[in-house]
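Right, one structure below, let's go through it.
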Amino acid sequence: MTITNQAELDGLKVIGRIVANTLRDMAAAMKPGMTTSDLDEVGRLYLERAGAVSAPGCGTRRIAFSRAP
């Protein structure tokens with residue numbers, strides 16, 4: 001990936017924070033007996049709340065983020 005302008009860099013910083021926070025919150029939610037499917041759902045909910053969709057949820061191999069007007 002090549003960053004060609006400040007807007008792209010800013011977007012990567014935003015999604016990077018969202019992913020880092022999601023991973024932190026997923027780790028905090030882990031408990032004995034959880035399945036990976038349960039953990040996937042936790043992650044999906046955190047990403048959704050932040051306005052992002054994980055790659056499996058949007059048919060791509062990346063995390064999509066859009067700032068809605």
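Residue numbers run from 1 in the order of the sequence given. From a predicted model like this one, the values you see are computed outputs, not experimental measurements.
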Kindly write out the residues that satisfy side-chain contact (heavy atoms from CB on, under 4.5 Å) with S37, not counting sequence neighbours, or none if the list is empty.
T35
Rounded to the nearest 0.5 angstrom, the CE-CG distance for M26 and L39 is 3.5 Å
Results of side-chain hydrogen bond (donor to acceptor under 3.5 Å, both in side chains) for R24 - residues two or more places apart only
N21
In this structure, would L23 and L45 fall into the same cluster of hydrophobic residues linked by side-chain contacts under 4.5 Å?
no
Return the CD to OG1 distance between E48 and T22, rounded to the nearest 0.5 Å.
11.5 Å
Find out whether V42 and D25 are in side-chain contact, i.e. whether some heavy atom of one side chain is under 4.5 Å from a heavy atom of the other.
no
Do you know which of D10, N5, L12 makes side chain to side chain contact (heavy atoms under 4.5 Å, CB included) with E8?
N5
So, using side-chain contact (heavy atoms from CB on, under 4.5 Å) as the criterion, who are the partners of K13 when residues are at least two apart?
L9, R17
How close do A52 and I15 get, counting heavy atoms only, and between which atoms?
CB-CD1, 4.0 Å
Side chain proximity check, V53 to L47, heavy atoms < 4.5 angstrom:
no
Among residues at least two apart in sequence or on other chains, which ones pass salt bridge (charged side-chain N to carboxylate O under 4.0 Å, His left out) with E41?
R44
